[in-house]
2 protein chains.
Amino acid sequence: MEYLFHPGQRGQGMKKSARAKAASNTAGLAPPLDFDALRQSIARAQSALPRRLTQAAEYALAHPDEIALGTAASIASAAEVQPSTLVRLAHQLGFGGFSEFQSVFRDRLRLRAATYDERLRRIEQGTTDGSYEDALLNGFLTAARQSIERLSETIDVAAFARCVGVLAKAETIYLVARRRAYPMAAHMSYSFGKLSIRAVTLDSANGIDQEIVTMATAKDAAIVCSFAPYAPASLAQAQSLSERHVPLVVLTDSALSPLAAMATHWLEVSESDFAGFRSLSAGMALATALPVAVAERRRFSFPAAGPAAHGQKIPATRGIA
Amino acid sequence: MEYLFHPGQRGQGMKKSARAKAASNTAGLAPPLDFDALRQSIARAQSALPRRLTQAAEYALAHPDEIALGTAASIASAAEVQPSTLVRLAHQLGFGGFSEFQSVFRDRLRLRAATYDERLRRIEQGTTDGSYEDALLNGFLTAARQSIERLSETIDVAAFARCVGVLAKAETIYLVARRRAYPMAAHMSYSFGKLSIRAVTLDSANGIDQEIVTMATAKDAAIVCSFAPYAPASLAQAQSLSERHVPLVVLTDSALSPLAAMATHWLEVSESDFAGFRSLSAGMALATALPVAVAERRRFSFPAAGPAAHGQKIPATRGIA
DNA sequence: CCCGGGATGAAACAAATATTCCATCCTTCC
DNA sequence: GGAAGGATGGAATATTTGTTTCATCCCGGG
């Protein structure tokens with residue numbers, strides 16, 4: 001799980017000086033918990049606020065990212081006030097100090113970078129006061145959501161298109177995946193079959209995989225799925241295929257993967273985890289898209305001329321299963 | 001003008017200590033200027049990097065937001081390394097210190113937050129003005145998102161808990177799934193194995209499945225995953241198991257499923273589709289959660305008394321793979 | 001088996017940063 | 001117009017945070 005540790009966060013034991021001051025704020029009330037509450041709080045206090053405090057508050061609302069990432073000194077300079085003014089503003093709004101005030105802006109940045117309905121979810125999620133199973137389920141669903149979200153933000157469409165191009169030209173597609181990644185290969189194998197695309201999964205229990213590998217040529221291609229800790233068997237087969245000049249399309253979890261180095265093209269799929277168990281949802285989404293994309297590419301661009309610009313948005317390849 | 005002052009930024013006069021160290025990095029080269037360059041830089045250095053440095057680098061690529069917003073100490077703690085290791089990593093990559101390294105992540109966060117609204121709009125509209133592959137990818141990612149969303153809205157936590165209860169009591173868990181649902185069984189099989197829970201997948205190619213079914217008793221349990229059009233083999237096996245009074249936990253797509261009728265307990269997983277191809281992301285999320293939940297239930301509630309309310313939110317069962 | 005040499009962890013140290021204090025300035029009410 | 005109260009700026013101080021140092025550990029070569 002992530003976001004466990006928020007430095008400068010409210011809720012950690014207040015330091016003595018902060019505690020002393022917290023009681024002395026004008027409102028004498030609890031500080032706003034999120035950005036929206038803070039905005040309202042400022043609007044309400046607005047009229048009763050001294051000149052410089054108003055100036056600082058206006059700057060804060062106008063440049064929230066600066067507050068989140070800057071230091072008291074840098075912000076003060078940009079807002080043309082003194083650092084002490086920022087501290088006073090924080091106290092005035094009910095915070096124990098500037099750092100607490102700042103953490104609201106940092107949380108906001110975090111949540112913005114994440115997504116939207118995820119934010120709602122995360123806020124709601126703090127209140128899964130129900131059963132143990134409830135917490136587990138929510139944890140894994142959140143991990144799945146985050147994974148999908150991250151994939152759609154980080155996926156390099158051009159790289160995906162290149163992978164599709166490589167696979168569309170292949171005579172036979174070899175599928176390599178073990179252990180945790182295996183379901184991805186299983187699903188692609190099924191989809192390729194449905195789409196009448198020749199694909200072979202290297203998962204035989206009879207140890208003949210190595211012999212099958214030696215039948216692959218540069219005219220074929222392979223899809224290798226592997227995540228840390230990378231299954232030795234997958235690495236070895238990828239190595240063999242690479243040495244035989246078989247184009248390699250790799251789906252792996254980071255640029256640090258040993259597979260990224262030997263790949264012709266590779267895609268990053270980094271899954272979130274809950275309680276140490278990683279999601280597979282993003283990988284499965286990719287494993288669903290890839291075969292369809294290959295089938296479409298073959299329909300339109302192969303064996304005819306290059307990457308013709310065809311207007312359709314919906315694949316003609318129609319539903320299976 | 002804004003963003004004039006970036007604390008800890010490169011480009012401001014280097015402090016003496018930083019200058020001294022900057023020359024001593026292994027590469028002796030200029031530090032990466034943006035996140036992508038940094039990622040590549042890490043990938044390149046990867047093989048020559050010591051163990052802890054690799055560990056820190058992996059954490060950095062996996063949790064970029066944490067690096068941006070955290071402190072050296074908080075990050076070190078989360079990545080399970082020493083703060084000094086982070087400084088060493090920064091030096092190794094050509095930065096003058098941790099702060100310079102961190103500023104790359106902060107800049108990235110700034111940019112991300114800036115373009116966030118635009119991207120979100122694009123995703124929601126589905127107006128991917130780019131290539132055909134872009135449209136496909138977005139379609140499948142949207143389908144995955146919707147599936148997860150729907151599952152988290154409609155899932156009946158009590159029913160899930162009952163399923164977990166049934167499976168926790170089973171001596172052996174039989175896994176039944178074919179075709180499109182097969183990856184779910186494959187994944188659960190893997191997880192159960194990792195968790196030392198006895199599970200048997202009925203997917204043998206040698207036609208002995210039926211004989212295995214006859215070995216199941218009422219003390220065991222089965223998980224059947226099947227979606228329309230329901231694979232005949234799965235239906236038949238579910239029927240056999242049901243007749244032998246083996247408790248049946250069914251994961252299927254609607255109340256109309258023939259499997260819902262014969263199930264002891266069943267869960268609804270209805271996936272969205274794109275271009276007729278249904279997602280599997282929600283099902284995989286459920287398939288990830290189920291084995292962990294069973295393992296946890298066994299740890300706490302079994303063979304002791306019933307569904308005791310235990311307070312823990314985080315499973316003691318720790319990460320696999 | 002012993003001996004370097006690099007890697008690692010822990011803690012001391014240095015720099016940066018937030019916070020507080022106080023003298024001064026403005027404002028406003030008598 | 002003068003005094004009192006709060007607001008302000010600037011500098012001193014306290015705290016946090018990043019960095020360096022050094023003793024120890026681990027691994028590979030002789």
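Worth knowing before you read on, the calculation uses all heavy atoms, side chains too, and leaves out hydrogens, waters and symmetry mates.
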(request) Decide salt bridge (Lys or Arg N to Asp or Glu O under 4.0 Å) for A:R180 and A:E271; before the verdict, give the C-alpha distance in whole Å, the side-chain angles of both, and the deciding distance to 0.1 Å. (result) CA-CA 12 Å; A:R180 208 173 68 80; A:E271 307 264 4; 5.8 Å; no
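Here D:dT20 presents its C1' atom at 15 Å from CG of B:L86, a figure rounded to the nearest Å. Residue B:Q92 contributes atom CD, which lies 12 Å from atom C1' of C:dG6 at whole-angstrom precision. One can place CG of A:L53 at 11 Å from P of D:dG9, the figure rounded to the nearest angstrom. Rounding to whole angstrom units, CZ of residue A:R52 and P of C:dC26 are separated by 12 Å. As a whole-Å value, the separation of B:F98 CZ from D:dG18 P is 6 Å. Between the CG atom of A:L89 and the P atom of D:dT8 there is a distance of 11 Å, given to the nearest Å. Atom C1' of nucleotide D:dT15 and atom CD of A:Q102 are separated by 15 Å, given to the nearest angstrom. Atom-to-atom, CG of A:L49 to P of D:dG6 comes out at 16 Å; the value is rounded to the nearest Å.
Remark: the A:R51 side chain and the D:dG9 base include no donor-acceptor N/O pair separated by less than 3.5 Å. Contact of B:T85 with C:dG9 (side chain to base): no donor-acceptor pair of N or O atoms is detected under 3.5 Å.
For B:H91 and D:dT19, the shortest distance from a side-chain N or O to OP1 or OP2 is not below 4.0 Å. Within the structure, every side-chain polar atom (N or O) of B:Q82 is placed at least 4.0 Å from both OP1 and OP2 of C:dT8.
For an aromatic pair to be called close, the ring centres must be under 6.0 Å apart, and B:F105 with B:F35 satisfies this.
Which of C:dA10, D:dT20, C:dT19 sits closest to the side chain of B:V87 comes down to D:dT20. You'll find that the side chain of A:S99 is closest to C:dT19, out of C:dT8, C:dT19, D:dT19. Among the nucleotides C:dG9, C:dT20, D:dT8, the one closest to any side-chain atom of A:R88 is D:dT8. Looking at the side chain of B:P50, the nearest of the listed nucleotides D:dT19, C:dA7, C:dA18 is C:dA7.
By the 30° and 60° cut-offs, the orientation of the rings of A:F101 relative to A:F98 is tilted.
There is no side-chain donor-acceptor pair under 3.5 Å between A:R88 and A:Q82.
Shown here for B:H91 and B:G96, the closest heavy-atom pair between the two residues is NE2-O, 3.1 Å.
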